[in-house]
Amino acid sequence: MNVQQLALLAICLGSALATNYTPVIAVISHPYNATHEAIPGSYVKYLEMGGARSLRFPFNASDAYMDNVLANTDGMFFIGGGESLPASAKYAYSVISGLQDAGLPYAMWGTCNGFQWLTELMAGHEKPNDILGSGYDAEELNLALNFTGDAKVSRLFNPISDYYEGIDLIGLLTDNAVTLNLHTYGFDPKDVEDIPDYTVLSTNLDRNGREFVSSFEHATRPIYGTQFHPEKNPFEYGADSKTGVPVEPTIHTGLAVRHSFELARFFAGEAAKTGMNRWDPSSGLEIIYKDHAIIIENDYEEKYLFAI
Ligand SMILES: *[C@@H]1O[C@H](CO)[C@@H](O)[C@H](O)[C@H]1NC(C)=O
Ligand SMILES: *[C@@H]1O[C@H](CO)[C@@H](O)[C@H](O)[C@H]1NC(C)=O
Ligand SMILES: *[C@@H]1O[C@H](CO)[C@@H](O)[C@H](O)[C@H]1NC(C)=O
């Protein structure tokens, strides 16, 4: 079989796997002030761009609340920020592991802070900071990815994956510095080597040449994470929305937006594999855009606010 035939086969398999089901993703909100939690609007729009809808769960949701969330969603998304792993996320991870083992392809994604949580959860660390390194010089830094040999046979970046319809995401991200890094914490590749089933897909160097893991996937379960922020390229403008003062150097070229779209599409497609109408409108859990206020903020274009 030549490469073209292989690609055709992949496309055929892709249509067999394709589903019209719109998955619902559970997104954690982070503390905002004494009375509210928040989710930057870019995450919600990013998931919608990929074909998913979102509902929110509180940072300190109880186990019972999380059981309802897990019964009504197809995937879970841990956003960026600066928070330590909450009990709600630890509980969800353990329940989701059980669901995945039982054959339900419930998907998880972590971005930046959320990527760090998923790495800590996979490492099984009670003390979250055991392997999380600090002092990285990687704020406001746009980078091309340095892929590992595992990337081309991964699910997330596989160039003949049914998701990418011929788009070579590895080539795009190797040649173009479009991934936005906003972190001083990170994982040295040596410190994640012993985590079972943790497959490093790319690494990067900070401004001092110090290496960090920039993306991973679980060897068998639909769990993914990026240290960079694909949700920002299409939806945040790198400037204070009120004063215009530069905040984050978000790149908006076609290829930058393209990588964002492809990763959103990938994750929504993974979550859609549950193939079930898991969200029950009578569950008490609302799709985010239905009933929550957006405020315009200085560090993000938009934030959804939730009274606590
Ligand atoms: C938190 O922020 C929201 C939105 O700006 C505001 O309405 C609310 O009063 C704030 N709460 C406190 C305690 O400052
Ligand atoms: C969430 O839990 C953390 C840790 O127990 C606590 O510090 C924080 O105040 C809680 N936040 C809310 C909104 O309850
Ligand atoms: C890419 O990763 C390899 C393996 O970790 C490393 O040896 C190399 O220095 C990295 N190159 C860049 C430009 O980051």
Side-chain angles (χ1 to χ4, degrees), residues 27-44 56 58-60 79 81-83 112 115-116 119 123 131-133 135-154 156-157 159 168-195 198-217 219 225-229 236 240-243 247 251 255 259 288-289 291-308:
V27 184
I28 191 168
S29 55
H30 281 198
Y32 178 71
N33 63 18
T35 54
H36 289 76
E37 294 190 353
I39 297 173
S42 51
Y43 290 102
V44 176
R56 166 258 180 176
F59 193 76
N60 286 341
I79 64 173
E83 302 295 335
C112 200
F115 154 89
Q116 294 166 0
T119 302
I131 54 169
L132 183 61
Y136 278 95
D137 187 353
E139 288 284 5
E140 319 233 326
L141 185 59
N142 284 297
L143 296 170
L145 302 183
N146 182 15
F147 285 101
T148 63
D150 287 327
K152 63 178 180 300
V153 291
S154 68
L156 182 53
F157 293 113
D168 174 11
L169 204 52
I170 292 183
L172 192 166
L173 290 171
T174 299
D175 296 342
N176 299 280
V178 295
T179 69
L180 178 55
N181 289 269
L182 293 162
H183 55 103
T184 57
Y185 291 97
F187 296 103
D188 186 313
K190 286 186 213 61
D191 291 334
V192 299
E193 266 170 10
D194 296 333
I195 303 178
Y198 190 91
T199 308
V200 175
L201 302 180
S202 66
T203 61
N204 276 103
L205 304 178
D206 77 353
R207 291 186 182 87
N208 300 321
R210 190 171 160 207
E211 196 174 25
F212 61 89
V213 177
S214 49
S215 64
F216 85 93
E217 70 182 20
T226 60
Q227 178 64 79
F228 54 92
H229 284 265
E236 289 181 12
D240 184 304
S241 49
K242 287 178 188 147
T243 63
V247 179
I251 296 180
L255 291 176
H259 106 277
I288 285 179
Y289 58 72
D291 64 349
H292 296 290
I294 279 188
I295 58 156
I296 304 300
E297 261 267 309
N298 58 3
D299 56 343
Y300 293 89
E301 298 300 311
E302 298 169 352
K303 267 185 182 170
Y304 283 89
L305 278 192
F306 307 90
I308 49 178

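Not measured: the values here are computed from a predicted model. Counting starts at 1 for both ligands and their atoms, in listed order.
Within the 4.5 Å cutoff, the side chain of Thr226 has no heavy atoms near those of the Thr179 side chain. For the pair Leu173 and Phe157, the minimum side-chain heavy-atom distance is below 4.5 Å.
Taking the ring centre of Tyr136 as origin, the terminal cationic atom of Arg210 falls inside the region bounded by 6.0 Å and 45° from the ring axis.
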Check ligand 3 for close polar pairs with the protein: N or O on both sides, less than 3.5 Å.
residue	atom	partner	partner atom	Å
ligand 3	2 (O)	Asn146	ND2	2.3
ligand 3	5 (O)	Glu211	OE2	2.8
ligand 3	11 (N)	Asn146	ND2	2.9
ligand 3	14 (O)	Asn146	ND2	3.0

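The aromatic ring centres of His183 and Phe212 sit less than 6.0 Å apart.
A donor atom on one side chain and an acceptor atom on the other are found under 3.5 Å apart for Ser202 and Ser214. Judged by distance alone, the side chains of Glu236 and Ser42 do bring a donor and an acceptor atom under 3.5 Å apart.
Where the criterion is an N or O separation shorter than 3.5 Å, residue side chain and backbone included, Tyr32 fails it with respect to ligand 1. In terms of polar-atom proximity, defined here as any N/O pair under 3.5 Å, His36 makes no such contact with ligand 1.
Classification of Glu211 and Lys190 as a salt-bridged pair fails, no side-chain N sitting under 4.0 Å from a carboxylate O.
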